[in-house]
Each structure stands twice: as structure tokens, then as C-alpha cells.
Amino acid sequence: MNDNSRIYMGTAFIAGALLTLGVKDLLYPELEQRLREYRARRHGESTEDLQNLFDDVVAARSGPPMIVDGIEGCIGNTPLLRIKSLSEATGCEILGKAEFLNGAGQSSKDRVALSMIELAEERDILSPHSGDTIYEGTSGSTGISLATLARAKGYLAHICMPSDQAIEKSNQLLKLGAIVDRVPPAPIVEKENFVNRARALAQAHTATSTTNPNPETSIPDMQELPGPKPGRGFFADQFENEANWRAHYNGSGPEIYAQCNGSLDAFVAGAGTGGTISGVALFLKPRIPNLKVVLADPQGSGLYNRIRYGVMFDLKEKEGTRRRRQVDTIVEGIGINRVTANFEVGKELVDDAIRVTDAQALAMARWLVEKDGIFLGSSSAVNCFAAVKTAMKLGPGHRIVTVLSDSGSRHLSRFWAKAGDVGGAVDTKLEDVLNAKDDQ
């Protein structure tokens, strides 16, 4: 037996022992690859055939993080934290995927933004340092992630967002060098809608593009050039772009599965574009057939009724009358009155929906600060409220995973202005949160 054989056999033995002991998170990518190659040589099987042996066991590596290449290397592999107060109050284990710890735009939209950019680069729709500009219509978080990654990868960003979103979002976008259009809220059927405006601007940019006359010109300088623009305009289209749900199918879903060792009873998430709930459900459901996928929907959104009753409408509007404001809620980032391509792809896997009022979301956000020191944004509060309701429906002893999308720091001027200061010695009861009512 030669030295190489001994090495490969030793590697296989160690890897097998680790798997047997259930410490799969200690498997490093290098070890996995060597084991695949060894088994392929030993048994005549291809590396591709053996991939399935590892698909469901690869988890976050333990110990200090590895050195990564650029800010995009800080995206994904986020912690799954036990929300102690909610777990103790319900008798279930309620876990939050800490997406606010993504390292680019500090939200779950980092995954989506990177996925959309990389897919566009693969298809030669975007080329770094060419003057290409990324256009997007967003309530804020996707825009922040895109603007951050645009700077990191050599693009400009032009973001269109509703004018009623928290001002700190557009302020941050400006600091990141993005062009920002705050436009009056309008339904998707109108051309003034923020998504439609971003699409039209991207098309106009591409139609009038010209080769940059000075290749040495920096990206910030090109932003000020009059007349025809250098580079192309790319409309990211987060609502319909398949790169959205695939980012969660390839990232969030496998991470949750590995972090839970394949043992969870429910996944709860809101939907704006629908990419998170669809992508995670598409990954988890085939592996955990009894898993309950639950939509957390804010007031004013039609998705609750779509899941519960098969009809897209909200109590405040009749079917077909979409020429009003899209969603009447202070919650930002989730809630919509249409079915997007990203939501559609996973819609049949959603088992139930829970409606969360503004008052309930505000009360939950305050509770999480008071009890756990967790400071979250509005959509995360909706998710956590729906997770509690799901836990109460399932009964004690179950495990529920939800998404902590972003920090409360980008919701100060709107959602948290309404929530107010938590104060010092307070002792809120969970029933107070569950029974929260509007002030009116």
C-alpha cells in the first residue's frame, strides 16, 4: 500500500467517524472533496454521483471564520439563534435566522443581490468597470445590498423607492454612491410605480448607451456625464428574477437544514418578492415532508387571502380594484397585492398564512428588545409574531424557524418612531403582545 492510499483511507475513516458521531459541521470543504475523490477511485463511481451523499450534511464550519475575498464573501452562513423569551413562553424552540448579520447590506437581501448580479455577469448582461448601471425598484433593503455590491464589483446603482419608506434607507443609499429616486407610492399597474420607473430607466439607459470615451474615467465621474450614458442599464427585477428564490434555495435553505440537523417542524416567513419563502420551502419540503410552511403577512397585503382562500384581495379593497395604494401598513419589505414569479414558484408548498396587524408587529418588536435585547426591523417583528402563533397552534415541543431579516436601525424614522422607546423596568406579558390593538 503506497502513501497516497494510506492518506485517502485515513481521510475516509476520519470522515466516516465524524459522520457517525453526528458532528457533520466539522467537515471542511477540502476534506469532503478528498473523500469524494477517494470513493470515486475505490468504487468506480463519479464524483457527481457521490454529491448526494453530502448535500444534506454540509453545515457551517466551526471555529473562527475563514479569510474571504471581498465584502461578497461575508454573505450567507448566518447564525440560527434561539429566541429565548419566545421559546420559554411557548414551550417550543423558536429559532431566528440572523440575516441582519450578512456582511454587505446587513439584510437577507444580500443573498438576492449577489445572486442577481452573478447571474447577470454569467449571461454577459453586466461587465465590471464598464459603466454598466444596476437599476432596481425596492422598498430599501434590496437597494442597499445592490448599491453595496455594485461598489464592490465595479458598477453604478440607480435605486427607485416609494417616498413613504424610512428616510434612513435613502440616506444610506446616497452615502453608498447610488442615485436615488423617491417616488410617490403607486400601484404596479401604473407607470409611476417605483418598479416600473426603474425598468423604464434601465431600458432608456441601454437604448442611449455609448462606449466610454475615456477608459480611465472612474465610476463616480461617469455618473455626472451629460447626454448618452456609458455602459448598459440592467434592471435587476427582484420580484420576477429567478435568481431571487434560487439564492435561498442554494443558501438559506441548506443552511437551515444543516443547522437543525434536518429536524424542524415549521418554517415561517413573510413575502414581498416571495423569494425567501419559496426558495427555502423548495429546498426543505422534499427533505422534511411533514414540515409546515407558514406565510407571515402584514395588514393590507393580499397574500394571506391568496393562501387561505385562493383569491387575491384584502378586506379593504374589492377584487380588481388595484388603483389604490398597494399596502396599508407601516411594515416595510413584505406585503403585496399581486403574486410575483418568485412567490408563484413555491406557492403550492405554503400550508398556511397568519395575518399580523401593525399593532401586533409593534408590540412584538418592543418585546424582543425588552426580553432578549434583539433590535429588529418591521418585517422581522411580523415573522416573530407569526412564529409564536404557529408554535401555539402546533403545541409545545416543536421547533419553528423564522427569518430575522434586518436590524431596526434602518426603521427608526417610521416603524420604530411609532413603536417608541422601550423604557426601563417593564414587564410585558406575551398575551399583551398577542392581543395588541391599534390606538384608534
Side-chain angles (χ1 to χ4, degrees), residues 15 18-29 31-32 51-66 68 73-88 90 92-103 106-108 110-112 114-115 245-270 275-294 296 346 349 368 372 374 376 380 383-384 386-387 390-391 394 397-406:
L18 290 173
L19 286 171
T20 303
L21 291 171
V23 288
K24 298 179 287 294
D25 57 329
L26 294 178
L27 285 174
Y28 288 74
L31 178 58
E32 295 165 26
Q51 178 66 45
N52 290 336
L53 294 173
F54 299 92
D55 281 347
D56 297 339
V57 301
V58 178
R61 71 187 290 273
S62 60
M66 297 181 292
V68 297
C74 300
I75 296 173
N77 209 16
T78 55
L80 191 62
L81 66 90
R82 182 176 296 101
I83 305 176
K84 293 185 287 186
S85 68
L86 299 181
S87 298
E88 292 166 2
T90 61
C92 289
E93 187 176 36
I94 297 182
L95 306 175
K97 186 70 166 150
E99 291 294 276
F100 59 88
L101 295 178
N102 277 300
Q106 290 82 55
S107 80
S108 58
D110 279 358
R111 299 178 188 268
V112 177
L114 183 60
S115 180
W245 70 263
R246 289 190 181 279
H248 296 288
Y249 179 85
N250 294 323
S252 310
E255 290 172 23
I256 290 169
Y257 186 85
Q259 288 167 320
C260 291
N261 290 320
S263 176
L264 65 154
D265 300 292
F267 175 71
V268 179
T276 302
I277 196 167
S278 288
V280 173
L282 284 164
F283 183 87
L284 292 181
K285 274 277 195 173
R287 294 161 175 82
I288 313 173
N290 294 326
L291 179 76
K292 298 296 182 185
V293 176
V294 180
L349 300 180
L368 291 168
D372 298 279
I374 302 174
L376 298 173
S380 302
N383 288 344
C384 289
T390 301
L394 292 177
H398 292 87
R399 174 181 279 172
I400 297 98
V401 172
T402 192
V403 181
L404 310 182
S405 305
D406 63 3

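Values below: all heavy atoms of this structure, side chains included; hydrogens, waters and symmetry mates excluded. Position 1 is the first residue of the sequence; numbering continues from there.
- Using a 4.5 Å cut-off on side-chain heavy atoms (C-beta onward), D406 and S380 make contact.
- L86 CG to L368 CG: the interatomic distance, rounded to the nearest 0.5 Å, is 5.5 Å.
- Distance check: I75 CD1 to S115 OG gives 10.5 Å after rounding to the nearest 0.5 Å.
- When all heavy atoms of A387 and V268 are compared, the pair lying nearest together is N-CG1, 3.9 Å.
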Original post:
Does the pair I94 and S85 meet the rule for a side chain to side chain contact (heavy atoms under 4.5 Å, CB included), with working shown?
Top reply: CA-CA 9 Å; I94 297 182; S85 68; over 6 Å; no
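- By the 6.0 Å contact criterion, CZ on R399 is enclosed, its count of non-hydrogen atoms from other residues, nucleotides or ligands being greater than 12.
- Between S405 and S107, every side-chain heavy-atom pair lies at or beyond the 4.5 Å cut-off.
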**OP:** Check the pair I288 / Y257 against side chain to side chain contact (heavy atoms under 4.5 Å, CB included), numbers first and verdict last.
**Re:** CA-CA 9 Å; I288 313 173; Y257 186 85; 3.9 Å; yes
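- Here the side chains of V403 and V280 are not in contact, with every heavy-atom distance at 4.5 Å or above.
- To the nearest 0.5 Å, atom CG of residue L376 and atom SG of residue C384 are 6.0 Å apart.
- Shortest non-hydrogen contact noted between R111 and A247 is O-CB, 3.5 Å.
- In terms of heavy atoms, A386 sits closest to A296 at CB-CB, 3.4 Å.
- At least one side-chain heavy atom of V112 sits less than 4.5 Å from a side-chain heavy atom of H248.
- Of all non-hydrogen atoms in P254 and Y249, the two that sit nearest each other are CD-O, 3.0 Å.
- Residues T390 and A266 come closest through the heavy atom pair CG2-CB, 3.8 Å.
- Within the model, atoms CZ of F267 and SG of C260 stand 10.5 Å from one another, a figure rounded to the nearest 0.5 Å.
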Original post:
What's the verdict on side chain to side chain contact (heavy atoms under 4.5 Å, CB included) for I400 and K292, showing C-alpha distance, side-chain angles and the deciding distance?
Top reply: CA-CA 9 Å; I400 297 98; K292 298 296 182 185; over 6 Å; no
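- Note that CG of L80 and CD of E255 are 9.5 Å apart. Values are rounded to the nearest 0.5 Å.
- Residue K97 forms a side-chain hydrogen bond (donor to acceptor under 3.5 Å, both in side chains) with just one option from T78, T402, N383, T276, and that option is T78.
- K285 pairs by the salt bridge (Lys or Arg N to Asp or Glu O under 4.0 Å) definition with D351, not counting sequence neighbours.
- V401 pairs with exactly one of D265, L284, L95 by the side-chain contact (heavy atoms from CB on, under 4.5 Å) rule, that one being L95.
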